[in-house]
Amino acid sequence: MAKDYRNTVFLPKTDFPMRAKLPEREPAMVERWDRLGLFARMREVARGREKFILHDGPPYANGHLHMGTALNKILKDVINRSQQMLGRDAVYVPGWDCHGLPIEWQIEQRYRRRGKDKDAVPIVEFRRECRAFAAEWIEVQKREFKRLGVIGDWDEPYTTMAYDAEAVIYRELGRFLLSGQLYRGKKSVMWSVVEKTALAEAEVEYQEVTSTTIWVRFPLARVSRGELEGASAIIWTTTPWTIPANRAIAYGEDIDYALVEVGEVAAGSLARPGERILVAETLLEEVAAAAGITARRIVARMKGRELAGSIAAHPLAGFADSYRFEIPLLAADFVSAEEGTGLVHIAPSHGAEDFALGQRHGLEVPDTVAEDGRYTDEVPGFVGIHVFEAAEPVLEALAERGNLLARGRLTHSYPHSWRSKAPLIFRATAQWFIPMDGPDGLRAKALRAIDETRWVPPQGRNRIRAMVETRPDWCVSRQRAWGVPIAVFVHKRTGEVLRDPEVVERIAGAFEEEGAEAWWNRDPQEFLGDRYRAEDYEKVEDILDVWFDSGSTHAIVLERRADMTWPASLYLEGSDQHRGWFQSSLLESCGTRGRAPYEAVLTHGFVVDAEGRKMSKSLGNVISPLDLMKTHGADILRLWVVSADYTEDIRIGPEILQGQADAYRRLRNTLRYILGNLRDFAERERLDPSEMPELDRWVLHRLWEFGRMVPRCNEDFDFSTLYSALHNFCANDLSAFYFDVRKDALYCDPPDSIRRRAARTVLDHLFHCLVRWLAPVLCFTAEEAWLARFPSEEGSVHLELFPEIPEDWRAPGLAERWERIRRVRRVITGALERERKEKRIGSSLQAAPVVHLAPELATLLEDVDLAELAITSGIRIEPGEGPEDAFRLPEVPGVAVVPERARGRKCARCWRILETVDAADELCPRCREAVALLAA
RNA sequence: GGGCCUGUAGCUCAGCCGGUCAGAGCGCACGCCUGAUAAGCGUGAGGUCGGCCGUUCAAAUCGGCCCAGGCCCA
């Protein structure tokens, strides 16, 4: 039995546990931060520094967090924390989007369950319930965000429903109103003739119905190609009642069209022998069958784009002495050659696509249908007929004008009201718009602002640019209850919108006092003041599109809080927000301030499952971040965020999470090992780099390299590069090499040995670097490690900065030199492994190989203690090539290793096998000295 | 159907302005250690670079088509 010197060995010891137990420790840390007022303290320490303002895109205050919101908030938090530690004042004010249909709906459903009708409830009461509902979810989400480690001004977040926020949103609208950038126009919206109200897509359900379908001739009046003279363009529709409202025909530019001469027709056919019709060639067969055309020939073929410039007559032209419209043929990308005729009847009043196409080409949007579904007097010959009864009258009229080519029946899915189950129609309604191409040239301003913004990744610029280039005017009105009212007055007689800054300010002031409910609560005359009479004005009852709300958050938050600056340094959201918030904010800000409210925009992808498919209940692949808090913990999730290339879609699944948990353990154990070996570290042990062995200086040089990399990666938001490098460093350079090699010195050298002091000094530097560099991501673990080293009631690593790396840690040449040394080491470990396989050795300390080196390598290794590096008990270096059967690695030429067992006795303290170990105390000379010093 | 984008070892990522055998870490397998121990060390096996066709003396890297997937439109 060997002597026991265990208590003379400096084994690592720390209170920082190996087992993280994040699910239970993290919530306690959140409480501690709350108690400390960490966010406020971070503001204090950063006072006066350059601001970094990441303006929070408000999530909707409805429901628990999902993976997407978790990803988004974690990424924001990592960026805020890293910017703070880079030396900025990163003020983060989280917010919530509160108005809008989803909440309105929830409340409405509550009513329905109680048998109440929403419309019977006073709007102000209804809105009160919406407010309460949003407020509840804000508290829930706030708790969940904090659980993820997100730091921000949770005590004073912003919400779009706060009274002052509603006032700001309204004032923003006021700016558009007063500068003439708000007009009342028409738009085709989904409409229920039963409830006499507009419906949102979410309130629509689809049911099968059978409709009368018709094929209609549009005689060409002006033609782009000679062959078309006298021919008719044929359209097909399932809604004959929309024909009177027709104002255009759409074609597909790349669709092949055939000009067909009718030969023979079946009995009863409405087609006429000799007439020429234009249809998509692929649909000719179908059209001929429907119209009873039994013989025909193709006279000409052409691409859709060759139809450009043609004009048709309206098929009802002359009916009721009216309908003498010019019907242009227009290109549209939604035209399909799969059904119908490849030519689409366009009624801008009665279809979303129709309306959009009409807007682009300046088509009229006639008021053809009243809110009860009856034709107005803009539809001569049909006035008063209900559109659902209109098919036959329209067919008769078409037949009378000779333009009905065929009729049929079709069963298809058609939108119905979710509430009344009645079929819906598209109907032109009065709506409020912000013009894109008005005198203020909002589109041009927005495009310029896009060019002046930094987009990360850069493709984001193309994406939003393409949308802004082609988007129609911004329709900002909704016929709903839960939102900021479009609090404007329209003169009853002139139709003029009242533009008076004093009126706007009176309304805004009222909103500030009692919320936007003031619009319904107060007497309009109060807003109008002495200069206008309420009875002369229509009080608009629409509310604002919630995108206008969120588009105004920069004004709510950045301009009004003393600790913030405008514009924001960064907006950061999912890539879907190119159409959403990035754009609404851009348009709002360009319309009111002439530039974007952000300097940079960063987008992330979507969270998908392990196979790359989107998460959905039906696929059953949904992972909840809240569940992961119970099984893994926030730091694992945070590590997952930075490990991935978040500009693309990010996969998540059990295997991926396990991988992050493994990576986490390595980082945690690295910190733990450092802490354990720094026990009782005293300043007098500290060594200057110039006094250190080269191995330790090499580690400092690696830190110096990171000292350049860390700020760069953080500024570029390139966390995956940084984190794989840090992980690699911990696993490879530290754990597998430096720590392993320095164990002997740390455990066994006398306390005053240069080697041990150098190692402890380096470990101290490593601690300070790693714990700070990791802190933005592993915010819980870094704090835990920090407090393990510097126990304190109030301390926090999050009040620190990234470390300044002294320039004298740089050691040019050492990186490459040690790369080469470690290649030689690999040959030795390889040789030992072969010995192990042969059961000749177990521990590497049982070996003392002979290493044959080529001359240049001998020079390289002149001052290097190879036995120390390879953790063998000895090594003899021989010049030359070495014997034939020596161990070699093809990728490391010039090194040959002949394994030999170490000779001598095993030191009972350091376990090296040396000839110099004394049989009496079983100690090597180094350990004898160490033991003696300890005894003294 | 249109716009933006992605597809390299089991996983996460490098490489991709064309020209050393396609790299890293993790995981995995095998072994060692038992003084970082629900740790640590060593060695090793894993890739038709989504598929097809082109351009080129030469392609993971350029072009086209197809397949799969994501976001936004329609």
Side-chain angles (χ1 to χ4, degrees), chain A residues 5-7 9-14 16 18-19 252 254-255 332-338 352-353 356 457 459-467 469-471 574-580 583 603-614 639-640 642-645 647-651 653-663 665-666 668-677 720-721 723-732 735-737 739-741 743-744 746-748 825-826 828-837 839 841-846 870-871 891 909-911:
Chain A
Y5 287 100
R6 201 163 193 277
N7 52 18
V9 178
F10 305 107
L11 294 177
K13 188 169 180 340
T14 173
F16 184 76
M18 176 177 285
R19 299 269 284 152
D254 292 316
I255 294 175
D333 53 17
F334 55 79
V335 178
S336 122
E338 311 277 300
E353 288 173 334
Q459 303 90 284
R461 170 177 281 118
N462 299 340
R463 188 164 174 178
I464 193 167
R465 220 179 187 299
M467 292 178 191
E469 272 169 353
T470 57
R471 69 156 293 151
S575 61
D576 57 334
Q577 297 304 326
H578 285 103
R579 176 158 296 274
Q583 200 178 136
T603 51
H604 62 252
F606 277 69
V607 182
V608 293
D609 74 9
E611 272 71 51
R613 261 181 286 276
K614 70 169 154 201
L639 204 50
W640 164 75
V642 296
S643 74
D645 175 5
T647 64
E648 294 299 331
D649 293 334
I650 311 187
R651 295 177 184 223
E655 188 185 4
I656 293 167
L657 282 164
Q658 190 51 49
Q660 295 317 320
D662 289 339
R665 291 213 320 265
R666 171 64 82 172
R668 183 178 181 92
N669 273 320
T670 301
L671 289 172
R672 179 173 135 89
Y673 187 71
I674 293 171
L675 284 167
N677 284 101
S720 68
T721 299
Y723 271 76
S724 72
L726 281 173
H727 183 267
N728 222 318
F729 176 62
C730 289
N732 239 316
S735 192
F737 184 53
F739 290 172
D740 213 28
V741 169
K743 257 180 211 172
D744 176 68
L746 285 166
Y747 296 180
C748 298
R825 183 179 188 260
R826 231 164 282 145
I828 301 171
T829 53
L832 296 186
E833 189 59 24
R834 203 170 66 177
E835 294 306 288
R836 218 169 262 138
K837 277 262 163 1
K839 301 287 175 203
I841 62 164
S843 155
S844 59
L845 283 174
Q846 291 174 300
I871 317 180
E891 65 270 26
R909 186 162 173 273
C910 72
W911 297 349

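Each chain gets a letter, A, B and so on, in the order its sequence line appears, and its residues count up from 1.
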Kindly point out which of [options] is positioned nearest to the side chain of [X]?
X         : options                : answer
Leu11(A)  : G40(B), G35(B), A36(B) : G35(B)
Phe606(A) : G31(B), C71(B), G25(B) : C71(B)
Arg825(A) : C72(B), A36(B), G42(B) : G42(B)
Ala644(A) : G3(B), G35(B), U12(B)  : U12(B)
Arg579(A) : U12(B), C72(B), G35(B) : C72(B)
Arg836(A) : G31(B), G35(B), G70(B) : G31(B)
Lys743(A) : A36(B), G35(B), C26(B) : A36(B)
Asn732(A) : A36(B), G25(B), C71(B) : G25(B)
Glu833(A) : G40(B), G42(B), C26(B) : G42(B)

How many Å lie between [atom1] on [X] and [atom2] on [N], as a whole number?
X         : N      : atom1 : atom2 : answer
Ile464(A) : C72(B) : CD1   : C1'   : 12 Å
Asp740(A) : U43(B) : CG    : P     : 12 Å
Lys837(A) : G31(B) : NZ    : C1'   : 5 Å
Trp911(A) : C33(B) : CH2   : P     : 11 Å
Asp609(A) : C11(B) : CG    : P     : 13 Å
Gln577(A) : C73(B) : CD    : P     : 10 Å
Asp254(A) : G2(B)  : CG    : C1'   : 11 Å

Say you pick atom [atom1] in [N] and the same atom in [M]; how far apart are they, in whole Å?
N      : M      : atom1 : value
G50(B) : C11(B) : P     : 13 Å
G27(B) : G40(B) : P     : 9 Å
C16(B) : G1(B)  : C1'   : 31 Å
C30(B) : G46(B) : C1'   : 15 Å
A14(B) : C4(B)  : P     : 22 Å

Starting at the 5' end of RNA chain B, which residue's closest nucleotide do you reach first, Arg826(A) or Gly605(A)? Arg826(A)
Between Tyr5(A) and Ile841(A), whichever has its closest RNA chain B nucleotide further toward 5' is Ile841(A)
It should be established whether Arg666(A) places a side-chain nitrogen or oxygen under 4.0 Å from OP1 or OP2 of nucleotide G40(B). yes
Any N or O donor-acceptor pair under 3.5 Å from the base of [N] to the side chain of [X]?
X         : N      : value
Arg19(A)  : A38(B) : yes
Arg463(A) : C71(B) : yes
Ser735(A) : A36(B) : yes

Given the options Arg471(A), His578(A), Gln577(A), Gln583(A) meets side-chain hydrogen bond (donor to acceptor under 3.5 Å, both in side chains) only with Arg471(A)
